[in-house]
Enquirer: 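Below you'll find the structure I mean.
Just so we're on the same page: letters track the sequence lines, and every chain starts at 1.
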Amino acid sequence: MTPAVAPSPAGASPAAPPALRARGGAHLRPLWLLVGVGVLLGLVAASVGVGSREVGAREVLAALGAVLGGSVDGFDQASVAVRLPRTALAVLAGAALGVAGAVMQGVTRNPLADPSILGVNTGAALAVVVGIAFFGLTSAASYAWVAIAGAAVAAGFVYTVGSLGRGGATPLKLALAGAATAAALTSLTTAVVLPRNDIALGVRSWLVGGVGGATWGSVQQVLPFLAAGALVCLATARTLNSLALGDDLAAGLGERVALARGVASAGAVVLCGATTAVTGPIAFVGLVVPHACRLLVGVDHRWLVPFSAVAGAALLTGADVVGRVVARPAEIDVGIVTALVGAPLFIALVRRQRIREL
Amino acid sequence: MSALETRPARAGTAVVTAEDVARGRRRRSQRRRAVVAVMAVLVVVLLATSLVVGQTTYPPGEVLRVLLGEEVPGASFTVGTLRLPRAVLAVLTGVAFGLGGVTFQTMLRNPLASPDVIGITSAASAAATFGIVTLSLGASQVSTFAIAGGLSVALLIYALSAGRSSATTRLVLVGIGVAAMLDSVTTYLLSEAAVWDQQAASRWLTGSLNGATWEQVRPLLVALALLGPLLLLLSRDLAATQLGDDTASALGVRVGRTRLLLLVAAVGLVAFATAAAGPIAFVAFLSGPIAARVVGPGGSPLVPAALVGALLVLVADLAGQHALGTRLPVGVVTGVLGAPYLVYLVVRTHRTGGSL
């Protein structure tokens, strides 16, 4: 987030430049991680316990037992049984988006890089809608494949447009290229959906972005993608630290810059493509979470990436709970809650004077 | 220093006199005038075509008689009541989007910074959706809502981006953030709406000239009559703001005031056009760059962009009605043009090594 990496001497270890270690409060990091996990667990409990139907703590426990036993009895237990996969999906999707955002910001060294700003979500959405409309796709796993392909194409395209001309990919150009691409892709999506009344309703509710319709089946189908993406991202965390020093220094430290960029972006694209396939496009989690995390644990990606996972999961689970509580008995989809919370943060971010490179 | 030394040598091979410069300028402005005239003729031809062609094709003589106010059985209703307002609305929305878009792109010095990208259109759309879905308003009230929404959000973006330096950069970024938020509001309102309202709202959100009436045309016409000349008056200042804030104020332009005036005029045009026909995607985005390409450099981009906008909407509406198997609203046709244009922008900028 800050260009403070400059003073670190070239001879220092790429993993932890001394200037950064002091800033992050290194000794506090395990504590923050524990706090994050604690908050997440609390929110998970809330997500299982809270909803349009009020269920007491004892019934929740009874229902958990019943679900594990395989037989669900009565309305209370049934509603808890519905909330479980939903909560699991919120945790997974939030973690995936948080990690994807942290990695994208690291790869592009751009504070505004985010799956939604870069048009990755809309790319995935268009690919899925085309798959549904013309190829009759129905399963979550097939959605995930086309969504990942769409996300990759959109990300590559936006980054190419954004880095044209003098000065490379500045935050302004990247954001504009992303917004314009997203607008174009959204029109294409509309053009595909509009003549097809048979799929319009389903697609429209999917496009809102939410975890409401989650089932264990859909969670299971995307889990392999998410696991693979997360592993790749965690493995590249150390490389991202080198990349943060600039391409020349990173190359001097022995990194193969282009390869490292490619692998890390592939991991991030798989994460957000697969997430979008199940939940629909969810905006701003990938933008806000890494920034908040950097304030707490500093810019070392080996901490930042896991912490973004925890914080992203907490944010999305929390947003889902809020969406269920505010408009009772109706629900506000989590994609809307995150946009309403995230956009003001985005604006606050760009209003600050120093929007330069990471 | 070396430049000074080489000067005599270069002067010997090619002397550029004031006369040459004047001749070049004359040639450019002649070309410009010719292109503008051709585009104006094209607009009239397409306008006439869209009056003549349709489910039933009327001979031009009958259409002319309808236009002159005669009562022609059949043609009077089809041409006078159905096709004429639609065609006029197509021209007016095109002109308004073209003017608004090119003003933004010139002022913010970026071909990507058009009102549909930086939040103005999203604001009008969110307000209109709120009007249609939540308050179940009629068409004219929805228009008022859309205009009020577009203007107030534009002022909000302007206020949020005001600051010490690089105001345009922040204006664009804040606009994108606001757009994202408002789009999600629109999506939410739509997802909560009754099925009937949902259809009405999404038809509006696509941008369509279907069922155009004179009631839709009139407010837009008034807005164009007021704001169009204002923009043309400001076109010299607009050209100066393109040079950057410092240079512009050195040239005697009161940058802050000019920017606010330009903003209000451009937003007003876009908001009124959106209110009349919905956010016809990418007309504002495409008109300016196409006009610049066709007309060539120099001179104000406003009039050519307005004509290109009108041409875009007319052609897209004709294509959407007749060229394709199903009848598509005009916004879908123009929206599909956006993606290839971005690709073209990449290819061209890559080849010329220019900058966005």
Enquirer: Quick one: which of B/Ile118, B/Val117, B/Val332 has the most heavy-atom pairs under 4.5 Å with chain A, could you say?
Expert: B/Val117
Enquirer: Is A/Leu345 in contact with chain B via its backbone, its side chain, both, or neither, using a 4.5 Å heavy-atom distance?
Expert: neither
Enquirer: Look up atom CG in B/Leu189 and atom CD1 in A/Ile336, then write down how far apart they are to the nearest 0.5 Å.
Expert: 8.0 Å
Enquirer: For B/Val185, which atoms come within 4.5 Å of any heavy atom of chain A: side chain, backbone, both, or neither?
Expert: side chain
Enquirer: Using 0.5 Å steps for rounding, measure from the OG1 atom of A/Thr186 to the CG atom of B/Asp183.
Expert: 7.5 Å
Enquirer: Considering only heavy atoms and a distance below 4.5 Å, find which of A/Gly342, A/Ala343, A/Ala339, A/Ala180 pairs most often with chain B.
Expert: A/Ala180
Enquirer: Given that the side chain runs from C-beta out, which part of A/Ala283 has a heavy atom under 4.5 Å from chain B: side chain, backbone, both or neither?
Expert: neither
